**Student:** 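Pasting a structure here, questions to come.
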Amino acid sequence: MKKNITKIITTILLIPIAVVFLLFLLVLTPIDYYKYKKSRYYKDTKEKYSWLCTVSYYIKLYDLIKKENLPIDYYRCNNDNFTGYGFFVYKDTLILNEFDPCFDAEKNIWLAEIEDEYVDIKGEVEAAINECNDLLKNDICKKAVVLIDKDLFDEHPDVKYENIDFLPVKNDYDIEAIKTILQ
């Protein structure tokens with residue numbers, strides 16, 4: 001009897017939550033679709049829409065770079081179904097903004113969260129450089145710049161990696177900070 005009451009109460013509580021969530025999706029999806037169709041990324045690539053793709057840091061950065069007319073090349077990685085997944089390259093430098101680094105004070109290293117696990121960012125950046133070079137079928141990228149939150153970077157500016165620089169930004173789309181790469 002207690003199990004039935006618990007199931008009934010749980011059902012009564014979960015139904016309104018599910019309805020609110022579905023309503024949220026019904027409102028958000030058309031807005032996101034419209035926003036995507038107006039993006040510079042879509043206008044240039046005509047790539048098929050995927051759900052909530054306008055929150056992608058690839059598409060946001062692409063639109064910013066194109067809006068500012070920066071000489072940063074974009075290479076779409078076609079082996080992924082995620083809309084906009086690709087690489088930003090300036091000369092021999094890969095620009096990465098998909099990591100959300102954190103610092104391990106005990107090991108004095110920067111970490112990146114990959115599939116719910118924190119790993120040394122060095123390996124992830126090197127893998128990204130190799131993936132980009134494989135895509136381009138050329139060893140164009142020799143180094144990488146990782147965009148990192150300015151406040152976090154200011155706490156640990158002395159940690160260095162070979163072929164990896166950290167660019168402190170106010171947010172992932174801080175175009176003024178990104179322009180410093182071009183100098």
Side-chain angles (χ1 to χ4, degrees), residues 24-102 110 112-114 121 124-157 161 163-183:
F24 176 73
L25 293 180
L26 285 173
V27 170
L28 185 62
T29 301
I31 292 169
D32 188 64
Y33 180 79
Y34 176 77
K35 200 172 162 183
Y36 177 67
K37 290 294 184 172
K38 294 292 182 188
S39 73
R40 175 72 186 264
Y41 182 84
Y42 175 74
K43 289 175 183 172
D44 289 351
T45 67
K46 299 296 187 222
E47 189 173 336
K48 184 180 172 187
Y49 172 79
S50 64
W51 190 60
L52 296 181
C53 65
T54 60
V55 299
S56 162
Y57 38 76
Y58 299 106
I59 292 174
K60 288 179 179 179
L61 186 57
Y62 181 93
D63 283 354
L64 256 176
I65 287 169
K66 293 300 180 180
K67 179 182 175 189
E68 294 289 324
N69 201 26
L70 300 179
I72 296 172
D73 295 317
Y74 171 77
Y75 301 97
R76 172 72 168 102
C77 189
N78 294 326
N79 65 357
D80 197 298
N81 292 330
F82 182 70
T83 302
Y85 176 68
F87 299 103
F88 296 94
V89 179
Y90 176 68
K91 294 185 178 178
D92 67 344
T93 304
L94 179 62
I95 302 167
L96 300 168
N97 73 328
E98 68 261 28
F99 297 115
D100 191 15
C102 63
W110 287 101
E113 184 178 5
I114 307 297
I121 201 167
E124 296 305 313
V125 171
E126 289 172 353
I129 289 172
N130 291 334
E131 186 180 352
C132 182
N133 285 337
D134 288 347
L135 174 71
L136 302 175
K137 297 179 180 24
N138 196 338
D139 285 342
I140 291 174
C141 297
K142 307 290 185 209
K143 59 184 179 176
V145 171
V146 177
L147 305 184
I148 186 169
D149 179 77
K150 183 177 180 354
D151 294 333
L152 181 61
F153 180 80
D154 288 346
E155 294 175 19
H156 310 285
Y161 288 95
N163 300 328
I164 303 171
D165 290 323
F166 294 95
L167 179 63
V169 294
K170 292 181 223 141
N171 59 53
D172 287 343
Y173 313 105
D174 182 352
I175 200 68
E176 294 308 315
I178 293 169
K179 285 179 181 178
T180 64
I181 297 169
L182 310 177
Q183 298 172 2

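Please read these numbers as outputs of a predicted model, since none were measured by experiment.
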**Student:** To the nearest 0.5 angstrom, please state how far the CG atom of D149 sits from the NZ atom of K170.
**Tutor:**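 Here the rounded value is 11.5 Å.
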**Student:** Report yes if the side chains of L167 and I95 come closer than 4.5 Å at any heavy-atom pair, otherwise no.
**Tutor:**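 Result no, sub-4.5 Å side-chain heavy-atom pair not found.
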**Student:** Look up atom SG in C141 and atom CD in E126, then write down how far apart they are to the nearest 0.5 Å.
**Tutor:**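 Output value for this atom pair is 13.0 Å.
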**Student:** Does the side chain of K60 come within less than 4.5 Å of L64's, by heavy atoms?
**Tutor:**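 No, their side chains stay 4.5 Å or more apart.
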**Student:** Any donor and acceptor pair, going by atom type alone, linking the side chain of Y161 with main-chain N or O of W110 inside 3.5 Å?
**Tutor:**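 Such a contact is found between Y161 side chain and W110 backbone.
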**Student:** side-chain contact (heavy atoms from CB on, under 4.5 Å) for L70 and I175? Distances and angles first, verdict last.
**Tutor:** CA-CA 10 Å; L70 300 179; I175 200 68; 3.6 Å; yes
**Student:** Answer yes or no: is there a side-chain heavy-atom contact under 4.5 Å between I59 and Y36?
**Tutor:**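 Of all side-chain heavy-atom pairs linking Y36 with I59, at least one is under 4.5 Å.
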**Student:** Flag yes if more than 12 heavy atoms outside Y34 fall under 6.0 Å of its OH atom; otherwise flag no.
**Tutor:**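 Atom OH in Y34 is not packed in, count stays at 12 or less.
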**Student:** Grab the two heavy atoms, one from F153 and one from P168, that are nearest each other, plus how far apart they are.
**Tutor:**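 So the two residues come closest at CD2-CG, 3.5 Å.
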**Student:** Quick check: do N163 and K142 have side-chain heavy atoms less than 4.5 Å from each other?
**Tutor:**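 In short, these two side chains do not touch, never coming nearer than 4.5 Å.
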**Student:** Does any part of the side chain of I178, heavy atoms only, come nearer than 4.5 Å to the side chain of L61, both counted from C-beta?
**Tutor:**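 They are in side-chain contact.
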**Student:** Looking at every heavy atom in both A128 and F87, which two are closest together, and how far apart are they?
**Tutor:**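 Looking at all heavy atoms of both residues, the shortest contact is O-CE2, 3.8 Å.
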**Student:** Any side-chain heavy atom of L52 within less than 4.5 Å of one from L28?
**Tutor:**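 Yes, at least one pair of side-chain atoms sits under 4.5 Å.
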**Student:** Measure across I129 and A144 and return the closest heavy-atom pair with its distance rounded to 0.1 Å.
**Tutor:**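 Shortest heavy-atom separation between I129 and A144 comes out as CD1-CB, 3.9 Å.
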**Student:** Should we count NZ of K150 as having more than 12 external heavy atoms under 6.0 Å?
**Tutor:**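 Not buried by this count: 12 neighbours or fewer within 6.0 Å.
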**Student:** For V145, does its backbone N or O pair with a side-chain atom of D165 as donor and acceptor, under 3.5 Å?
**Tutor:**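 No, because the side chain of D165 does not come within donor-acceptor range (under 3.5 Å) of the backbone of V145.
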**Student:** Taking atom OG of S39 and atom NZ of K43, what is their separation to the nearest 0.5 Å?
**Tutor:**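 Reported value, rounded in 0.5 Å steps: 7.5 Å.
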**Student:** Quick one: does I114's side chain get under 4.5 Å of E124's, heavy atoms only?
**Tutor:**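 Answer yes - side chains close enough.
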**Student:** Looking only at side-chain N and O atoms, does Y62 offer a donor or acceptor that is under 3.5 Å from a partner on D44?
**Tutor:**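 Side-chain D/A pair, D44 to Y62: present.
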**Student:** Any side-chain heavy-atom pair from C132 and I140 closer than 4.5 angstrom?
**Tutor:**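 Side chain of C132 against side chain of I140, heavy atoms only: no contact under 4.5 Å found.
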**Student:** Heavy atoms only: give me the nearest L182-P71 pair and the separation to one decimal.
**Tutor:**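 Shortest heavy-atom separation between L182 and P71 comes out as CD1-CD, 3.8 Å.
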**Student:** Do the rings of Y58 and F88 sit parallel, tilted or perpendicular, given the 30° and 60° boundaries?
**Tutor:**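 Correct class here is parallel.
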**Student:** Go through the steps for I65 and Y74 under the test side-chain contact (heavy atoms from CB on, under 4.5 Å), then give the verdict.
**Tutor:** CA-CA 9 Å; I65 287 169; Y74 171 77; over 6 Å; no
**Student:** Any chance you could measure N97, atom CG, to I148, atom CD1, to the nearest 0.5 Å?
**Tutor:**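 Going from CG on N97 over to CD1 on I148, the span is 12.5 Å.
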**Student:** For D100, I'd like to know if atom CG has over 12 heavy atoms of other residues, nucleotides or ligands within 6.0 Å.
**Tutor:**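 Atom CG in D100 is not crowded, with 12 or fewer foreign heavy atoms closer than 6.0 Å.
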**Student:** Can you sort out the partners of P30 under side-chain contact (heavy atoms from CB on, under 4.5 Å), two or more places apart, ordered by chain and number?
**Tutor:**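 P30 satisfies side-chain contact (heavy atoms from CB on, under 4.5 Å) with no other residue.
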**Student:** In chain order, what residues pass the side-chain contact (heavy atoms from CB on, under 4.5 Å) check against K37, with sequence neighbours excluded?
**Tutor:**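 Checked K37 against side-chain contact (heavy atoms from CB on, under 4.5 Å); matches are Y33, Y42.
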**Student:** For the pair D32 (side chain) and W51 (backbone), establish whether a donor and an acceptor sit closer than 3.5 Å, ignoring hydrogens and angles.
**Tutor:**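 Such a contact is absent between D32 side chain and W51 backbone.
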**Student:** Nearest 0.5 Å, please: how far is OG1 in T29 from OH in Y49?
**Tutor:**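 Reported to 0.5 Å precision, the distance equals 5.5 Å.
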**Student:** Atom CD1 in I121, atom CD in E113: separation rounded to 0.5 Å?
**Tutor:**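 With rounding to 0.5 Å, CD1 (I121) is 12.0 Å from CD (E113).
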